[in-house]
Each structure stands twice: as structure tokens, then as C-alpha cells.
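Count residues from 1 along the sequence. Quick note: numbers below take in every heavy atom, side chains included, and nothing from hydrogens, waters or symmetry partners. Since the structure is predicted, the reported quantities are computational estimates derived from the model, not experimental observations.
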Amino acid sequence: MRHAFLGLLAAIGVGSLVAAVPAIAQDSGKDLPVDQVERIVKDYLMREPEVILQAIEEYQNRQKAEDDARQKQALLTQADEIFHDDRDGVINPDGDVTLVEFFDYRCGYCRSMNAGLQSLIARDTRLRFVLKEFPILGEDSLRASRAALAAKKQGAYETFHNALMTASDMSMAAIERLAERSNLDVDRLKEDMESEDVAAQIASTLELGRSLGISGTPSFVLGDTIIPGAVPVANLAALVDEARSGEGAN
């Protein structure tokens, strides 16, 4: 554990201080062992704790800048996968501005936003809305996503998506009942839910989300911007208007 303290200091950006102490010691004719160097550094930091706070802040800023740069690059290089994956559910496919949502059917925030988003889509028929199945909240989430994509094969994605968003039960039996009420072929739905292409789509969307740094739902993508978390639908509408006026559609 001897080098753990020095390693921590180097990680948060005060490694130069660690390096400077033995150099000073050698200049003074003393070749200090590591444990004494650590003690000198620790004593200094105890007297000047703001150095640590400043270093942590700088480290966090640097990490955020690096994360933002990686995210921007991923948005650029994976634009087709984000905005134009034919496997996704799309509402108003001929719209001039695209808003993408990564969502989970068991996510309370996603469910609470759904009615507002549907209202926005109904009002703004020029808004192209892409739905990314991003089941990260357990087996019920995964089952619901598989069912929605299976329903898409029967041309009923939007209807079944909205039904799942208001469903209180996402067991297989409940999904079968929901499919019956939606006039779907239940046997076909069950078969398609287990298909390789449905599994592959969910896997690739999860990987895409990870590459974009998306770890929670809902998360939205508009142009070259990721909008994390539940935000007022009015705010999303304003951002869509800005994108449209700036001709920044995808």
C-alpha cells in the first residue's frame, strides 16, 4: 500500500508535487525514502487542504472535457445508427427534425413523460420521433422491449408501445393479454419475441447507448446534443424549434 497515496495524488493532478519533493530533497543533499516523501507531502496537504480541493476540481473538469469530446465524436461517427436505424420505431418518419429517445418501459420518468411526448408529436407533425429500446431495469424491461419489437413486425409498434407505457404488469401473461386486446397474433408475437434479430437489435442499442455515455433513462438525442433525464416536454419542444430554425436536423 506504500505507493497508493502517491498514486492517488497523481491521479487527481498533484503528481507534480509528489515528484518535486524528492528532487528538492536530493538538491539539499538528502536522498529521502518514499515513506518520508509521503509524510512530507501529507503534512503539506494537511496544512494546505485547498490544494487537494483545487486538484480534484481540475481533475473533474478535465475528465468532463474528455468525456464530452468522446461523446461528440460518437455522435458524429454513429449518426446513422442513432438517427436512421430502420429497425427502430419511428413516428412521423418524414419529419424535418429528429428527436431520439432512449427509454425503458419500467422507468417511471419515461412513463411520466410519455403522454406529453405523444401530445408534442401530435401537435408537431414535422417532428420525426425515434424510439430506442433501452431495457436496463431488469427482466420485465427486457421482456417488454422484445414484445414491442415483435409487435412492430405486425405493424403495431406505436400502439403497443403506448400500451406498454401505461401497463402495470409486464409479465408474459400480461403481455399476451395486451396483445389480444391490441388484435395482434399472439402466437406470432411470442415467436418473434424470441427471434435472433430482435435480440440483436436490443443488444446493439444497448451497446450504442454505452458508446454515447448513456447510463440512464430517459435520454434524448437532438442533433449533436444528448439531453439526459426527464426534462419538461416544453423544453424539448423549444429545442426542436431551435434545431429547425438552425436547419440542424438529422
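For R143, the side-chain hydrogen bond (donor to acceptor under 3.5 Å, both in side chains) test picks out D140, with sequence neighbours left out. Not a single ring pair (Phe, Tyr, Trp, His ring centres under 6.0 Å) links F160 to another residue, sequence neighbours left out. With sequence neighbours excluded, no residue satisfies side-chain hydrogen bond (donor to acceptor under 3.5 Å, both in side chains) with R181. Every residue two or more places apart in sequence or in another chain that forms a ring pair (Phe, Tyr, Trp, His ring centres under 6.0 Å) with Y157 is listed here: H161. Partners of I136 by side chain to side chain contact (heavy atoms under 4.5 Å, CB included), not counting sequence neighbours, listed by chain and number: D104, F134, L206, T217. Applying the salt bridge (Lys or Arg N to Asp or Glu O under 4.0 Å) rule to E196 yields no partners; only residues at least two apart in sequence or on another chain are considered. With sequence neighbours left out, D241 forms a side-chain hydrogen bond (donor to acceptor under 3.5 Å, both in side chains) with no residue at all. E180 is linked by a salt bridge (Lys or Arg N to Asp or Glu O under 4.0 Å) to nothing, counting only residues two or more places apart in sequence or in another chain. Every residue two or more places apart in sequence or in another chain that forms a side chain to side chain contact (heavy atoms under 4.5 Å, CB included) with A173 is listed here: S171, R177. The side chain to side chain contact (heavy atoms under 4.5 Å, CB included) test applied to A156 returns L184, not counting sequence neighbours. In this structure K153 satisfies the salt bridge (Lys or Arg N to Asp or Glu O under 4.0 Å) test together with D197, sequence neighbours excluded. The side-chain hydrogen bond (donor to acceptor under 3.5 Å, both in side chains) check on Q154 picks up nothing, with sequence neighbours excluded.
In this structure, the side chain of R111 engages the main chain of L164 through a donor-acceptor pair within 3.5 Å. Counting only distance, with no hydrogens or angles, the side chain of S204 and the backbone of Q201 share a donor-acceptor pair below 3.5 Å.
Residues K152 and D86 approach most closely at NZ-O, 3.5 Å, considering heavy atoms.
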